[in-house]
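Heads up: numbering here begins at 1 and tracks the sequence.
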Amino acid sequence: MNLSVTVSAPGKFVILGEHSVVYGKPALALAMDMRFTMHISESSSFMVNGLPATPSTMSPHMKFLSDLHGGNPLSIRIESRVPSGSGLGSSAALSAAYAGAVRSLNGLSCSKESIAKDAYEAEYAAQGRGSPMDTSASVNGGGIALNVPYKPEDFLWRIEKNERVWDVSRIDVPKMTFVIGNTGIRAATGPLVEKVKNYMDSSKFARDIIDEMGDVTLDGMKAIKERDITELGALMTYDHELLSILGVSCPELDKLVKAALPTSYGAKLTGSGGGGCMVALTDQPEKTADAIEAHGGTAYIVSTSVPGVTIKKNEDTKHRRQKRNNRS
């Protein structure tokens, strides 16, 4: 029987804590209803969207996971609504989906923890550094927090890498509306993470900013628990100012943040920066989206509280026919 699976994982955006989370500080992220889907089946050779797998068609994340678990060659068809290079977790969603697929096809555990750890290792191998925030949000869905105080029943998993440790927990997020603004500028995560590291290594001021961002994230967690949307928005805007000081914003992001603020509780860049996207917390999503579009961005109104990785095993036509005959 030709084994095949369909696996889907959501994109994500960061409310608070990008960049500082790399250094063990707290972070908050939400999965959103823009998803990355893979249809995968066993094959005589590796194929991606009908083409032979090459470095340009098979990402380093996928190659890492294929090498990690071995198994038969696969034919992979990809469908994605998550813009790449935008800070919305496209590579994390890819890693989460493909980790779930190769585990399923190789008869391995498909627990969310095992998928999350594989997906993070793939991200780390591709980027050279980074936190498990994006992959954990994509695997678990809903809302997740890293390195914040949590109740035992909210604990999801612990991930360690070198001297860094991240405790991942689920968070109860109230119903909120967000608008994503995409600058259209593709920015790779690795160089921006390296830029912050170099600044940190050479400047106590930069280290103080990272510490301050950690405090802001804890204040944001408190605001979420207290359902104080006004305070959460103000903290998002302040966090954007701190990220700008670190040098990871850009004029295009700043312009979209400024455009969104009159109709929002708060707005900030989301992801690694340097381009990509910003996010606004608002109860006037249409007006906020219009303002973003008027200033050159592409706007997406997104919903949250979405599921994480989903895995559906598919049966080939012959096997389905046999099952029907057995029931006759």
To the closest 0.5 Å, what do you measure between [atom1] ([X]) and [atom2] ([Y])?
| X | Y | atom1 | atom2 | answer |
| --- | --- | --- | --- | --- |
| Phe46 | Ser75 | CZ | OG | 10.5 Å |
| His19 | Ile210 | NE2 | CD1 | 8.0 Å |
| Tyr98 | His61 | OH | NE2 | 13.0 Å |
| Glu153 | Ser169 | CD | OG | 10.5 Å |
| Asp201 | Arg207 | CG | CZ | 8.0 Å |
| Ser249 | Leu256 | OG | CG | 9.5 Å |

Return yes if some donor-acceptor pair links the side-chain N/O of [X] with the main-chain N/O of [Y] below 3.5 Å, else return no.
| X | Y | result |
| --- | --- | --- |
| Ser138 | Thr135 | no |
| Thr37 | Ser8 | no |
| Ser203 | Met200 | no |
| Asn147 | Asp167 | yes |
| Arg170 | Gly141 | no |
| His295 | Lys255 | no |
| Ser305 | Gly142 | no |
| Thr237 | Ala267 | yes |
| Asp134 | Ala92 | no |
| Arg103 | Ser109 | yes |

**Report entry** Lys112, NZ atom: more than 12 neighbouring heavy atoms under 6.0 Å
**Finding:** yes
Query raised in the report: Any chance NZ of Lys161 has more than 12 other-residue heavy atoms, nucleotides or ligands included, within less than 6.0 Å?
Result: yes
How about [X] and [Y]: does a side-chain donor come under 3.5 Å of a side-chain acceptor?
| X | Y | value |
| --- | --- | --- |
| Thr288 | Thr263 | yes |
| Asn314 | His39 | no |
| Glu212 | Tyr238 | yes |
| Trp166 | Ser136 | no |
| Glu123 | Ser91 | yes |
| Tyr300 | Asp33 | no |

Give me the atom names and distance for the closest heavy-atom approach of [X] to [Y].
| X | Y | value |
| --- | --- | --- |
| Gly275 | Thr183 | C-OG1, 3.6 Å |
| Asn182 | Pro83 | ND2-CB, 3.9 Å |
| Ala27 | Met133 | CB-SD, 3.5 Å |
| Tyr124 | Asn162 | OH-ND2, 2.9 Å |
| Val82 | Phe36 | CG2-N, 4.2 Å |
| Gly89 | Lys12 | N-NZ, 3.5 Å |

Flag yes if [X] and [Y] sit in one hydrophobic cluster, no otherwise; membership is Ile, Leu, Val, Met, Phe, Trp, Tyr, and two members link when side-chain heavy atoms are under 4.5 Å apart.
| X | Y | answer |
| --- | --- | --- |
| Ile301 | Phe13 | yes |
| Val173 | Leu88 | yes |
| Phe155 | Ile171 | no |
| Met47 | Val102 | no |
| Ile115 | Val306 | no |

Minimum side-chain heavy-atom gap [X]-[Y] below 4.5 Å:
| X | Y | answer |
| --- | --- | --- |
| Tyr150 | Val168 | no |
| Thr310 | Val7 | no |
| Val257 | Leu269 | no |
| Leu94 | Met62 | yes |
| Thr270 | Met236 | no |
| Phe205 | Ile245 | yes |
| Asp290 | Lys287 | no |
| Thr217 | Leu28 | yes |

Query raised in the report: Among Val179, Ile229, Ile15, which residue meets the side-chain contact (heavy atoms from CB on, under 4.5 Å) test with Leu281?
Result: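 So the option named by the test is Ile229.
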Query raised in the report: Do Lys204 and Asp208 pass the side chain to side chain contact (heavy atoms under 4.5 Å, CB included) test, and can you show the C-alpha distance, the side-chain angles, and the key distance before you say yes or no?
Result: CA-CA 6 Å; Lys204 182 181 181 300; Asp208 290 343; 3.0 Å; yes
Query - Criterion side chain to side chain contact (heavy atoms under 4.5 Å, CB included) on Lys225 and Asp172, from CA distance to verdict - result: CA-CA 8 Å; Lys225 288 181 177 179; Asp172 177 24; over 6 Å; no
Query raised in the report: Do His69 and Leu108 pass the side chain to side chain contact (heavy atoms under 4.5 Å, CB included) test, and can you show the C-alpha distance, the side-chain angles, and the key distance before you say yes or no?
Result: CA-CA 9 Å; His69 292 303; Leu108 301 173; 3.3 Å; yes
Requested in this report: List the steps, then state whether salt bridge (Lys or Arg N to Asp or Glu O under 4.0 Å) holds for Lys258 with Asp254.
Outcome: CA-CA 6 Å; Lys258 184 177 179 180; Asp254 292 341; over 6 Å; no
Query raised in the report: Any salt bridge between Asp67 and Lys63, counting N to O under 4.0 Å?
Result: yes
Query raised in the report: In terms of side-chain geometry, is the basic nitrogen of Lys25 or Asp211 positioned less than 4.0 Å from the acidic oxygen of its partner?
Result: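 Looking at Lys25 and Asp211, the cut-off is met.
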Query - Criterion salt bridge (Lys or Arg N to Asp or Glu O under 4.0 Å) on Glu121 and Lys117, from CA distance to verdict - result: CA-CA 6 Å; Glu121 290 296 338; Lys117 290 183 174 180; over 6 Å; no
Requested in this report: Please lay out, stage by stage, how Lys222 and Leu235 fare under the test side chain to side chain contact (heavy atoms under 4.5 Å, CB included).
Outcome: CA-CA 11 Å; Lys222 182 173 182 287; Leu235 290 167; over 6 Å; no
Report task. Tell me, with the steps shown, if Glu160 and Arg164 meet salt bridge (Lys or Arg N to Asp or Glu O under 4.0 Å). Result -> CA-CA 6 Å; Glu160 303 180 32; Arg164 305 292 182 189; over 6 Å; no
